[in-house]
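Read the structure below first, then the notes.
Here the structure is a predicted model, which means the values were calculated and not measured.
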Amino acid sequence: IVAKAIMDEADIPLFVATGDLMSQSSYSDVSRIYTEEALVKEWLSPIPYNQQALIMGNHDGAWGDISCYYCKQLSLDIMYNLIYRKQAMDLRRVSGDNGTYYYLDNESQKMRFIMLNTNNTPSYEENADETAKSDRFHLPCLGQAQFDWLVNIALNMPEGYTACIFGHEPY
């Protein structure tokens, strides 16, 4: 409610959250991730989905226990459904191949907001013990497809536009 009031008062067009939306990812049970994800959606509900720009952080969608801290991870497909699917209904957004990175334009300000997935690990695979083979928590990665999309599509802007690039982990 406070964030929405500030956005309205200051005429801020976009609420950006650059990842780690879930505060307690060190769960031993995956169901707790879904419980917290529902709470995050409730907290953000005063802000219309087309004014939200959410990015997945390296700890979002992970669980494990003390012997396997963050070693189990939800796939990018599941994370897309949890974080990005509703935002994708905003037709101003242009997404990359897996939907976890996108841009949107604010035409009146001539701004392009580019949201990168800085934990876009290679294709998701699991080991026999259901732990992730590619650990997105310790492997910042744009991936070649996202890099190509950034250079060839997202940064190909109309004349006079300025880009503002967001990601969870710095490069």
Side-chain angles (χ1 to χ4, degrees), residues 1-23 25 37-62 73-124 134-171:
I1 295 173
V2 172
K4 179 62 175 148
I6 292 170
M7 290 174 68
D8 290 345
E9 184 65 29
D11 196 26
I12 298 171
L14 197 60
F15 175 87
V16 178
T18 59
D20 288 353
L21 304 171
M22 300 168 195
S23 63
S25 292
E37 182 267 338
L39 286 172
V40 169
K41 282 186 177 174
E42 181 182 327
W43 296 330
L44 293 175
S45 66
I47 303 169
Y49 70 88
N50 64 347
Q51 288 184 288
Q52 295 179 26
L54 308 179
I55 300 172
M56 182 174 65
N58 62 321
H59 294 145
D60 290 322
Q73 302 167 15
L74 298 177
S75 71
L76 287 180
D77 289 340
I78 293 171
M79 293 307 295
Y80 173 83
N81 286 325
L82 291 175
I83 296 175
Y84 301 98
R85 180 172 295 286
K86 190 165 185 179
Q87 293 181 102
M89 294 178 354
D90 178 359
L91 299 179
R92 296 175 302 156
R93 295 171 198 242
V94 177
S95 296
D97 69 338
N98 65 18
T100 65
Y101 48 93
Y102 59 94
Y103 76 79
L104 68 150
D105 290 338
N106 182 316
E107 293 177 11
S108 65
Q109 295 176 331
K110 293 189 174 187
M111 288 287 300
R112 176 161 291 173
F113 299 98
I114 301 172
M115 308 298 166
L116 298 177
N117 178 355
T118 58
N119 300 104
N120 193 34
T121 55
S123 61
Y124 182 82
S134 297
D135 184 356
R136 70 176 181 254
F137 302 102
H138 299 102
L139 180 67
C141 180
L142 290 180
Q144 191 63 50
Q146 183 175 196
F147 182 78
D148 291 343
W149 173 87
L150 173 64
V151 171
N152 298 317
I153 296 173
L155 291 175
N156 186 7
M157 299 180 296
E159 188 172 327
Y161 268 61
T162 300
C164 190
I165 300 175
F166 296 89
H168 180 65
E169 295 186 276
Y171 277 88

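The shortest non-hydrogen separation linking Asn98 to Tyr80 is O-CD1, 3.8 Å. Residues Gly167 and Thr118 approach most closely at CA-CG2, 3.9 Å, considering heavy atoms. Here the closest heavy-atom approach between residue Asp60 and residue Leu21 is recorded as OD1-N, 2.8 Å. Contact record, Gln87 with Gln52: OE1-O, 2.9 Å, taken as the closest heavy-atom pair.
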### Task
Tell me, with the steps shown, if Leu44 and Leu54 meet side chain to side chain contact (heavy atoms under 4.5 Å, CB included).
CA-CA 10 Å; Leu44 293 175; Leu54 308 179; 4.0 Å; yes
### Message
What verdict does the side chain to side chain contact (heavy atoms under 4.5 Å, CB included) test give for Ile114 and Leu155, after you've listed the backbone C-alpha separation in whole Å, the side-chain angles of each residue and the deciding distance to 0.1 Å?
### Response
CA-CA 9 Å; Ile114 301 172; Leu155 291 175; 3.7 Å; yes
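The salt bridge (charged side-chain N to carboxylate O under 4.0 Å, His left out) contacts involving residues 40-53 comprise Glu37-Lys41, where partners must be two or more places apart or lie in separate chains. Among residues at least two apart or in separate chains, salt bridge (charged side-chain N to carboxylate O under 4.0 Å, His left out) pairs with a member in residues 5-14 are Lys4-Asp8. Under the salt bridge (charged side-chain N to carboxylate O under 4.0 Å, His left out) criterion, the residue pairs touching residues 85-94 are Asp90-Arg92, Asp90-Arg93, with sequence neighbours excluded. Within the structure, the salt bridge (charged side-chain N to carboxylate O under 4.0 Å, His left out) test picks out the following pairs touching residues 94-110 (sequence neighbours left out): Asp105-Arg112. For residues 153-168, the side chain to side chain donor-acceptor pair (under 3.5 Å) pairs, not counting sequence neighbours, are Asp20-His168, Asn58-His168.
In this structure, Pro13 and Met111 have side chains that are not in contact, with every pair of non-hydrogen atoms separated by 4.5 Å or more.
Applying the side chain to side chain contact (heavy atoms under 4.5 Å, CB included) criterion to Leu14, with sequence neighbours excluded, gives Val16, Ala53, Leu104, Phe113, Met115. Residues satisfying the side chain to side chain contact (heavy atoms under 4.5 Å, CB included) test with Ala3, not counting sequence neighbours, are Phe15, Ile47.
Among the candidates Tyr84, Tyr102, Tyr101, the single residue satisfying the side-chain contact (heavy atoms from CB on, under 4.5 Å) test with Ser95 is Tyr102.
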Taking distance alone, no hydrogens or angles, what donor-acceptor pairs closer than 3.5 Å link side-chain atoms of residues 142-154 to residues at least two apart or in another chain?
| from | atom 1 | to | atom 2 | distance (Å) |
| --- | --- | --- | --- | --- |
| Gln144 | NE2 | Asp148 | OD1 | 2.8 |
| Gln146 | OE1 | Asn117 | N | 2.8 |
| Gln146 | NE2 | Asn117 | O | 2.8 |
| Gln146 | NE2 | Leu142 | O | 2.8 |
| Asn152 | ND2 | Asp148 | O | 3.1 |

